[in-house]
Amino acid sequence: MKILRFDKSKANLVELGDHAYMVHRNNAGKYLLIRATCPHRGGPLFLGEILKDPTESIRCPWHESVASVHVLRKKAPPMVVNGSACQVVVKDTDCETSIRWVTRLTNKNPCRAICA
Amino acid sequence: MSPFTHKSAKHTISIPQSFDEALQSFVNRDIYAASKELIFNDNPFRRPLLNDEFNGWPMDSEYTLDELTSNESLVANRVILSIYEQDYVFLPRSNLANQLDDFKQFYDRDARVPGEIIACELEKLLFSSVSNTVHISGDWDLKSFEAYFEDFKQNFRAEKFAELMQFISTMRDPQAGAKMFLVQMAGDFLVEASAMARNLGGNYGSAQSELFKVIIDECGYGVFQTKHSTMFESVLKSQNLHHIPHAYWQLYLPTSMYLNNYYNYICRDHAKVFRYFGAILQVETAFQTTCELMIGMMKSVFGTDAHVDYFSEHVKIDGHHSRMVMQKIVVPLIKTHGEFALKEIVRGFEESLVVGDRFTAGLRHQLAWIDRMDQGLDLRQLLVESNNPSLKHAAQGDLCGTQMANQDIGYQVLSGSLDFIFGVDKHITLRAGESLMIPQGVLYGVSVVEDAEYREHRTGVVSP
């Protein structure tokens with residue numbers, strides 16, 4: 001296992017092998033690591049729209065499927081956030097990892113789904 | 001209908017009907033009143049709580065971590081520490097008869113109910129921000145926790161604390177800095193392991209016995225001279241500092257008391273017991289590194305013969321304690337109690353780092369100001385005048401109690417003389433015609449040397 005460290009004001013997308021995860025701020029203001037790809041066809045949820053409803057869901061931009069944050073957070077790697085410092089525990093030491101900042105191309109502001 | 005009938009009025013329990021009523025009921029004791037004494041030698045009960053600058057607390061709110069240096073935070077930390085420490089036994093080293101009234105006031109049963117009401121509110125005000133700073137998510141299991149812990153152990157360098165120790169060593173008056181540091185630690189180290197001992201009661205399996213082993217060491221395995229608090233007393237004595245708990249109550253920074261209060265908070269509320277085990281794992285693991293840094297600072301400041309037994313003992317024993325807490329307490333608890341326990345342990349581990357950083361930052365800010373006093377600049381000419389200064393009078397002998405500057409505050413002495421206190425033996429005397437600007441977030445006290453008339457200027461950003 002290894003630990004990835006990053007500052008959530010500088011990075012919000014974590015790629016572990018073939019899987020991508022994003023830092024998401026939920027309705028309660030808590031920062032979570034959740035899957036960044038849609039369970040439907042693998043669409044980019046970091047470009048999605050956070051629905052302002054109590055179910056805490058994200059609408060995928062590809063097919064408008066709605067994915068629940070509750071589902072997306074399941075099986076996500078362990079993460080602890082302390083202030084802006086994030087630590088992610090990567091269970092597969094051999095997998096390729098990358099950390100980066102992603103935004104909507106049509107929007108200069110950071111994507112709403114990846115609150116920093 | 002109440003199941004209790006009172007045969008006489010003296011058995012009636014008075015229940016405060018509001019927070020304000022509870023606060024008044026609690027603080028309205030001589031031991032908590034403002035005092036002309038700066039140092040309380042051999043009296044652990046005397047604790048001035050409110051001060052003239054206290055503006056009340058915003059209820060249903062919470063302080064951000066940055067607001068912990070406000071005067072209201074200072075008062076909140078003083079009050080809640082006094083409530084928490086009613087659970088501990090304090091005795092002076094001389095005959096109690098000299099302080100029997102203070103003793104009775106401190107342990108007064110009538111202060112219990114108001115104290116609980118106050119503590120519930122102040123805990124929300126003070127500790128919500130720590131909780132809101134740490135977020136835990138994902139699919140944690142024992143293996144991932146072990147990897148997270150191992151990574152901490154390998155990479156922890158205590159950078160901010162190391163910088164503080166380096167700063168003290170290079171201050172213009174390093175001994176003043178080191179003594180102020182020891183005074184800030186004294187609030188915790190002189191009652192060492194008391195908060196931890198709150199978790200000894202009850203019945204929760206083998207972890208309970210393992211914690212007891214750690215406490216045996218903390219208490220010097222029955223030998224008073226090796227009890228950790230006794231060893232810290234020796235450090236204080238070696239620098240001619242008072243060694244009775246809370247002698248320097250008036251000089252405690254809010255961020256220093258906050259560290260102490262946090263441990264009382266998580267140890268007193270047993271719903272947070274796993275959080276406590278995470279916190280103590282972090283502390284026992286990090287303390288080896290920080291104690292080595294403290295030894296370096298002590299020897300640099302006081303010479304190679306400096307009394308450092310307290311710190312060197314921790315360098316040795318905390319390696320064992322870290323291992324014992326991890327292998328004998330934390331891992332078995334996670335195996336038995338699963339996800340809830342694990343995430344609470346991670347939370348306590350991280351929260352402990354947050355309160356430790358606050359301690360470091362608060363003291364660093366105070367010492368930076370103290371160091372400025374020795375820069376060779378004449379601070380007595382510094383003043384940013386405001387439009388509406390208030391004219392004040394003070395009588396010789398008064399000590400206005402220590403307080404935090406919620407904003408930059410300027411003092412301009414028109415007649416007489418005022419002494420401004422910022423630390424152990426660190427003060428500036430202002431005479432007629434002299435001025436001083438005290439920066440926001442600095443602890444200070446004012447002692448009136450001769451009857452004085454002065455102007456007070458308030459500028460800058462006001463803290464809540």
Side-chain angles (χ1 to χ4, degrees), chain A residues 1-9 12-17 19-36 45 56 58 68-95 97 99 113-116, chain B residues 62 64-66 68 128-160 262 274-275 278-279 281-282 286 334 338-358 360-361:
Chain A
M1 294 202 196
K2 60 184 174 186
I3 309 295
L4 292 181
R5 300 173 191 277
F6 58 95
D7 187 319
K8 69 178 166 56
S9 67
N12 51 21
L13 192 79
V14 177
E15 290 171 300
L16 307 176
H19 301 284
Y21 302 91
M22 62 189 189
V23 179
H24 168 79
R25 191 179 186 209
N26 72 5
N27 284 350
K30 303 292 180 193
Y31 288 93
L32 317 168
L33 200 61
I34 63 173
R35 280 178 56 179
L45 289 179
E56 298 213 33
I58 300 174
S68 155
V69 169
H70 181 68
V71 171
L72 295 171
R73 66 186 291 184
K74 282 185 179 173
K75 302 296 177 192
M79 179 176 77
V80 57
V81 178
N82 189 338
S84 66
C86 302
Q87 296 176 72
V88 174
V89 184
V90 182
K91 297 186 178 181
D92 180 1
T93 311
D94 295 330
C95 81
T97 59
I99 305 165
I114 311 163
C115 301
Chain B
E62 60 193 54
T64 64
L65 293 175
D66 289 338
L68 291 175
S128 298
S129 55
V130 187
S131 188
N132 293 336
T133 301
V134 176
H135 310 263
I136 299 149
S137 66
D139 189 20
W140 285 84
D141 58 17
L142 181 56
K143 291 286 180 204
S144 52
F145 177 76
E146 286 173 333
Y148 156 83
F149 172 68
E150 197 57 35
D151 182 74
F152 176 84
K153 212 164 70 165
Q154 296 302 324
N155 294 305
F156 179 71
R157 299 288 181 271
E159 285 91 352
K160 291 175 187 167
Y262 172 76
F274 295 111
R275 204 176 298 192
L281 178 63
Q282 188 277 323
I334 291 173
E339 186 183 6
F340 172 75
L342 196 161
K343 289 190 171 174
E344 280 288 286
I345 287 167
V346 175
R347 171 165 292 286
F349 198 98
E350 292 291 330
E351 288 186 358
S352 176
L353 286 164
V354 175
V355 295
D357 281 350
R358 287 294 116 186
T360 303

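Letters go in sequence order (proteins before strands), and every chain restarts at 1.
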(request) Please tell me if the side chains of B:Asp151 and A:Met1 come closer than 4.5 Å, counting only heavy atoms from C-beta onward. (result) no
(message) For a quick test of reading the model, state the closest non-hydrogen atom pair linking B:His135 to A:Gly29 and the distance between them.
(response) CE1-O, 3.3 Å
(request) Quick one: closest heavy-atom pair of A:Lys91 and B:Ser144, and the distance? (result) CE-CB, 4.1 Å
(message) Could you tell me if the side chain of A:Val80 sits less than 4.5 Å from the side chain of B:Trp140, heavy atoms only?
(response) yes
(message) With a 4.5 angstrom heavy-atom cut-off, is it the side chain or the backbone of A:Lys30 that approaches chain B, or both, or neither?
(response) both
(request) Identify which part of B:Val134 has an atom lying under 4.5 Å from any heavy atom of chain A, answering side chain, backbone, both or neither. (result) both
(request) Please state whether the side chain, the backbone, both or neither of B:Asn132 comes within less than 4.5 Å of a heavy atom of chain A. (result) both
(request) Below 4.5 Å from any heavy atom of chain B, which atoms of A:Arg35 appear? Answer side chain, backbone, both or neither. (result) neither
(request) For B:Lys143, look at atom NZ and say whether over 12 heavy atoms of other residues, nucleotides or ligands are found less than 6.0 Å away. (result) no
(message) Using side-chain contact (heavy atoms from CB on, under 4.5 Å), reason through A:Ile3 and B:Phe152 one step at a time and then give a plain yes or no.
(response) CA-CA 10 Å; A:Ile3 309 295; B:Phe152 176 84; over 6 Å; no
(message) Under 4.0 Å between a side-chain nitrogen and a carboxylate oxygen: does that hold for B:Asp139 and A:Arg73?
(response) no
(request) Could you have a look at A:Leu32, A:Asn82, A:Val89 and say which one has the most heavy-atom pairs with chain B under 4.5 angstrom? (result) A:Asn82
